[in-house]
Amino acid sequence: MPELPEVEVVRSGLIPAVTGATVWRVEVLDERSLRRHPGPSEDFVDRLTGVSLVAPSRRGKYLWVPFADAEEALVVHLGMSGQVLLRDVDAPVAKLTRIVMWMDQPAHGPVRVDFVDQRIFGSMAIDRLVPTSDVAGERIPASVAHIARDPMDPHFDDRQFFDRLARRDTTIKRALLDQTLVSGIGNIYADEALWAARVHYDQPTRALSRPRARALLAEVREVLGKALAEGGTSFDAQYVNVNGASGYFAHSLNAYGRQGEPCPRCGRPIVREVFMNRGSHFCPTCQRVRVAGGARG
DNA sequence: CCGGACTCCTGGTTGC
DNA sequence: TGCAACCAGGAGTCCG
């Protein structure tokens, strides 16, 4: 499940290949990967063929490559299983490849960018760029404008986040996964940050004290930052690859996928419960629901 | 505003 | 061994 760190690895890997590149051919092998493109695949191909690209941007789990005209961008979401692969122009096309783009980059020469996606929850689309509501001169695809800034964004407003969190009548993991409140966090890093901060996934946000909320956000940044660092070290510039949980970050997980194994902090077994139709991994000893004014749950 | 159900999807795993 | 059922879940939409 690609989350912020994995998407950022893809973004940074794409920089040398696509910045200043001109697209000269596009082939859509599976139209389902264009589900979020408003129009038929011919429209996607026509609008992308011949354009020049600038350096890719990211917000949360969304990635986009603006066109040099600054009016539109190629928007990418990896979904559950999406990968962006850089290949030689005549390399064989891998199984499950949904979209293939050929481009020329002045310094790097010809390159092929393949969008591979097993489960097809990911997508590519062309969308117009609109100004952001909070930073002058900054633009974002219209379809991404509703997504909140991520915690690694220099313009992320901590205080506004805490205020919105406190005002919400919901529980903390639901809030962490709500991309309109804070973006980039998925199931894996939510469980990891909650474990690190000793917060139960079903903790009501209104009963989460400001200091504990502050500590949780710090752990979110710690977890994402660590994953970014590990992704950065294992990244091969010739081959942009994302494998999510089974990929490079799996070995450093404390809670996610470790049900039955001892909690690295207290030694008691990690438990997995189904919450929001996905697995929640936590230590029932370290992570307890607290109600306002006391400890219990 | 909130949450639950539903939808999209298929390789790998489990169970009989 | 064969095959069906099940599982993983990001995000949008609809509905109560």
Side-chain angles (χ1 to χ4, degrees), chain A residues 1-11 28-38 41 58-64 75-84 94-99 115-125 127 140-150 163-194 201-208 220 224 227 241-247 249-250 253 255-260 270 272-282:
Chain A
M1 300 113 255
E3 305 181 24
L4 185 154
E6 292 82 0
V7 180
E8 176 57 23
V9 166
V10 172
R11 190 195 71 84
V28 177
L29 305 181
D30 195 323
E31 302 214 3
R32 293 174 298 179
S33 290
L34 295 180
R35 195 179 320 136
R36 306 201 60 73
H37 178 77
S41 64
R58 181 186 57 75
R59 178 177 287 197
K61 304 172 201 173
Y62 280 89
L63 169 71
W64 64 92
V75 182
V76 185
H77 196 290
L78 300 174
M80 289 291 299
S81 53
Q83 294 172 277
V84 180
K95 211 170 55 165
L96 308 175
T97 302
R98 313 298 184 183
I99 297 170
F115 183 66
V116 181
D117 190 8
Q118 181 213 124
R119 279 175 252 187
I120 323 189
F121 279 13
S123 66
M124 283 190 163
D127 193 16
I140 191 168
S143 54
V144 185
H146 66 293
I147 299 293
R149 291 185 184 277
D150 63 63
D163 288 346
R164 291 184 67 193
L165 198 60
R167 256 184 276 124
R168 287 258 176 130
D169 188 12
T170 189
T171 54
I172 190 61
K173 183 169 176 183
R174 199 180 289 280
L176 288 180
L177 295 177
D178 182 348
Q179 306 294 304
T180 68
L181 187 63
V182 54
S183 70
I185 306 165
N187 201 42
I188 296 175
Y189 297 122
D191 280 3
E192 289 302 301
L194 288 167
Y201 67 83
D202 217 13
Q203 169 72 46
T205 53
R206 282 186 166 158
L208 185 71
V220 165
L224 295 178
N241 198 354
V242 171
N243 287 316
S246 59
F249 309 145
L253 300 175
Y256 183 86
R258 301 183 64 104
Q259 58 270 27
I270 296 287
R272 178 182 190 275
E273 290 178 3
V274 175
F275 174 71
M276 290 177 73
N277 282 321
R278 42 171 72 70
S280 268
H281 312 75
F282 70 106

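Reminder, nothing fancy here: chain letters follow the sequence lines and each chain counts from 1.
Rounded to a whole Å, the CG atom of L34(A) is 17 Å from the C1' atom of dG12(C). Computed from coordinates, the L177(A) CG to dA11(C) P distance equals 9 Å when rounded to whole Å. Taking atom CG of residue D178(A) and atom P of nucleotide dT13(C), one finds them 14 Å apart after rounding to whole Å. Atom-to-atom, CZ of F275(A) to C1' of dG9(C) comes out at 14 Å; the value is rounded to the nearest Å.
At least one side-chain nitrogen or oxygen of N187(A) sits closer than 4.0 Å to the OP1 or OP2 atom of dG9(C). Under 4.0 angstrom from either OP1 or OP2 of dA11(C) there lies at least one side-chain N or O belonging to Q179(A). At dG12(C), one or more side-chain N or O atoms of H146(A) fall inside 4.0 Å of OP1 or OP2 (strictly under the cut-off). A close approach under 4.0 Å does occur between a side-chain nitrogen or oxygen of H77(A) and OP1 or OP2 of dA11(C). OP1 or OP2 of dT10(B) sits under 4.0 Å from a side-chain N or O of R32(A). Of the side-chain N and O atoms in S81(A), none sit less than 4.0 angstrom from OP1 or OP2 of dA8(C). Side-chain N/O atoms of R36(A) include none lying less than 4.0 angstrom from OP1 or OP2 on dT13(C). Within the 4.0 Å cut-off from OP1 or OP2 of dA8(C), not a single side-chain nitrogen or oxygen of Y256(A) is found. Within the structure, every side-chain polar atom (N or O) of K61(A) is placed at least 4.0 Å from both OP1 and OP2 of dG10(C).
Among the protein residues, R206(A) comes within range of no part of the nucleic acid, since none of its heavy atoms lies under 4.0 Å from any strand. Using a 4.0 Å heavy-atom criterion, one finds that L96(A) contacts the sugar-phosphate atoms exclusively.
With the end axes of the helix from dC2(B)-dG16(C) to dC16(B)-dG2(C) each set by five pairs, the angle from one to the other reads 50° at 10° resolution.
With hydrogens and angles ignored, a donor-acceptor pair closer than 3.5 Å exists between the side chain of R119(A) and the base of dA8(C).
With dG3(B), dG12(C), dG10(C) as the choices, the nucleotide that has an atom nearest any side-chain atom of R174(A) turns out to be dG3(B).
Here F121(A) packs flat against the base of dG10(C); its ring centre is closer than 5.5 angstrom to the base's six-membered ring, tilted by less than 30 degrees.
Distance alone, capped at 3.5 Å, places no donor-acceptor pair between the Q179(A) side chain and the G60(A) backbone.
The aromatic rings of Y201(A) and F275(A) sit tilted relative to each other, their planes meeting at an angle between 30° and 60°.
When each of R35(A) and T171(A) is assigned the nucleotide of DNA chain B with its nearest heavy atom, T171(A) is the one assigned upstream, toward the 5' end.
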